[in-house]
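Read the numbers this way: they start at 1 and go in the same order the structure lists the ligands and their atoms.
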Amino acid sequence: MTGDILKFLEEKEYVSGEVLAQKLGISRVAVWKQIQKLKDMGYKITSDQNLGYCLVSRPDLLFPQEIQRGLSTKYIGKEIYYFPELKSTNIMAKEKALHRAEGIGEGTLIITERQSAGKGRLGREWFSPVGGIWLSIILYPRLSPSYISRITLITAVAAVKAIRICTQIESQIKWPNDILINEKKVCGILTEMSAELDIIDWVVVGIGINVNIGHREFPEDIQENTISLKEASGKDVLRVKLVQTFLQEFEKCYEILKRREFSSVLKEWKLYSHTLGKKIELNIGEKVVTGEAIDINESGALILKKEDGELIEIISGTII
Ligand code: BTN
């Protein structure tokens, strides 16, 4: 109902309570109650005795109606579950993904203003205060489980492009899942899946972007290596626009992946890579390997040239 009222309010400068009541088939008192609800949500609405209600400004909150307004995707973000606070959007998305039969469709989005137990890779904590973007997308690709690393890579490409479109900032991808600005982490991706032997059951792509967060807000132990878009650009960034742009870019890349035409996205990944051409030290399980990151192959594996010249393929690991 509040969504319908907003639609009418954005069409005209002023809309009377009477017109709203008529259009929505409710009483004027019910309209007034809905207007109060919108005000409580952070919408600034003034009222004039003769002219009616006027929408003055919208809150910078990630409400579904805000994200879906002007979102041009076919299915990513068409269904949105919004929470002012959650433990972790990935945990919630994984629970929902089990209910595909009950209408939790491909592209369903879980989004929150803050996470109380955000999850990073390797069981790490992910600091997720108000002001960031913390979201997870549920996917059911008919692909083999070996595609999982490619899904992380396309997510990174979509994030870099969205950041550039919305802030003009050029960011870089540190294999496999970090987005950096000036060598500092601005965004992380956590891809989780459930699969049979040869086919994916569901995938949850979680992405966290440090958007409007002050440097001093970050815990001391990560301050040195962390940055927010606000810090990098010197101004607040419109989070709704950034979410919309990311979802649009993500859908484009994901469609390409589903057509098994990964090479075009891979080309872009290489263009934005922070890792290729660098000498790196990698943690893979219990082992540490050193060498030059020379390429990413068609399966999304990193090709490392060891000091003795041997080439090895690495599907998953962490750069030290
Ligand atoms: C990493 O770099 O270690 C991955 C961080 C992923 C964080 C995002 S925030 C939204 C989603 N929900 C989570 O609990 N984690 C991911």
Side-chain angles (χ1 to χ4, degrees), residues 61-62 67 76-77 80-97 107-139 148-149 151-160 162-163 171-181 183-194 202-213 217-219 221-229 237 239-240 242-243 246-247 250 269 272-275 282-284 300 302 316-320:
L61 293 172
L62 303 170
I67 293 171
I76 302 288
I80 301 182
Y81 289 86
Y82 168 85
F83 301 86
E85 177 174 338
L86 262 188
K87 271 190 173 160
S88 150
T89 56
N90 264 40
I91 294 178
M92 175 60 85
K94 285 192 286 179
E95 278 167 21
K96 294 241 180 253
T108 298
L109 193 75
I110 315 293
I111 193 161
T112 189
E113 303 291 348
R114 76 176 283 269
Q115 298 184 120
S116 55
K119 294 200 314 166
R121 276 181 82 226
L122 311 169
R124 294 187 190 127
E125 254 177 60
W126 181 260
F127 179 64
S128 328
V130 167
I133 289 174
W134 326 117
L135 65 84
S136 302
I137 306 172
I138 300 172
L139 304 169
I148 194 75
S149 40
I151 294 181
T152 302
L153 299 187
I154 64 158
T155 308
V157 168
V160 168
I163 289 173
S171 53
Q172 292 180 305
I173 309 169
K174 180 172 154 195
W175 184 87
N177 72 327
D178 292 354
I179 311 288
L180 309 181
I181 294 174
E183 311 280 321
K184 296 176 177 200
K185 185 154 167 173
V186 70
C187 163
I189 298 158
L190 179 65
T191 314
E192 300 184 83
M193 74 165 168
S194 153
W202 53 256
V203 173
V204 164
V205 177
I207 177 162
I209 312 178
N210 302 327
V211 188
N212 298 322
I213 303 171
E217 280 182 63
F218 292 108
D221 57 326
I222 62 165
Q223 267 186 17
E224 201 187 335
N225 301 318
T226 307
I227 194 165
S228 74
L229 291 177
V237 172
R239 292 182 310 152
V240 170
L242 184 54
V243 171
F246 167 71
L247 297 179
F250 179 83
W269 193 97
Y272 305 136
S273 167
H274 176 271
T275 306
L282 263 173
N283 235 338
I284 41 175
L302 181 71
S316 117
T318 307
I319 299 176
I320 303 168

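- Nearest protein heavy-atom neighbour of atom 5 (C) of ligand 1: W126 CE3, 3.4 Å.
- Per-residue contacts place G120 under 4.0 angstrom from the following atoms of ligand 1 (heavy atoms of the residue considered): 1 (C), 3 (O), 4 (C), 5 (C).
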Mind running side-chain contact (heavy atoms from CB on, under 4.5 Å) on W126 and S88 for me, showing each step along the way?
CA-CA 9 Å; W126 181 260; S88 150; over 6 Å; no
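- Among Y82, Y81, W134, the single residue meeting the side chain to side chain contact (heavy atoms under 4.5 Å, CB included) criterion with I110 is Y81.
- No donor-acceptor pair under 3.5 Å is formed between the side chain of S273 and the backbone N or O of W269.
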Check: residues 205-213 side-chain donor-acceptor pairs under 3.5 Å, at least two apart:
from : atom 1 : to   : atom 2 : distance (Å)
N210 : ND2    : I227 : O      : 3.3
N212 : OD1    : V237 : N      : 2.8
N212 : ND2    : V237 : O      : 2.9

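- Relative to atom 4 (C) of ligand 1, the option among V205, T112, I189 with the closest non-hydrogen atom is I189.
- Set against the non-hydrogen atoms of L190, the atoms of ligand 1 under 4.0 Å away are 6 (C).
- Those atoms of ligand 1 with a heavy atom of G118 less than 4.0 angstrom away are 14 (O).
- At a 4.0 Å heavy-atom cut-off, ligand 1 touches N177 through the side chain alone.
- For the residue pair T191 / T152, a side-chain donor-acceptor distance below 3.5 Å is found, with atom types taken as modelled.
- Scanning all protein heavy atoms for the shortest distance to atom 15 (N) of ligand 1 gives K119 O, 2.8 Å.
- Nearest residue to atom 2 (O) of ligand 1 from K185, E192, Q115 is K185 (criterion: closest heavy atom).
- A donor-acceptor contact closer than 3.5 angstrom links the side chains of S136 and N90.
- For atom 11 (C) of ligand 1, the candidate residues are L122, T89, T152; the nearest heavy-atom contact is made by T89.
- Among all non-hydrogen protein atoms, the one lying nearest atom 3 (O) of ligand 1 is R121 N, 2.7 Å.
- At under 3.5 Å, not a single nitrogen or oxygen of W134, backbone or side chain, sits near a nitrogen or oxygen of ligand 1.
- When all heavy atoms of R114 and P129 are compared, the closest pair comes out as CB-C, 3.9 Å.
- Note on ligand 1: S128 sits outside its first shell, no heavy atom being nearer than 4.0 Å.
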All N/O donor-acceptor pairs, side-chain side in residues 171-181, below 3.5 Å, sequence neighbours left out:
from : atom 1 : to   : atom 2 : distance (Å)
N177 : ND2    : I189 : O      : 2.6
D178 : OD1    : K185 : NZ     : 2.8

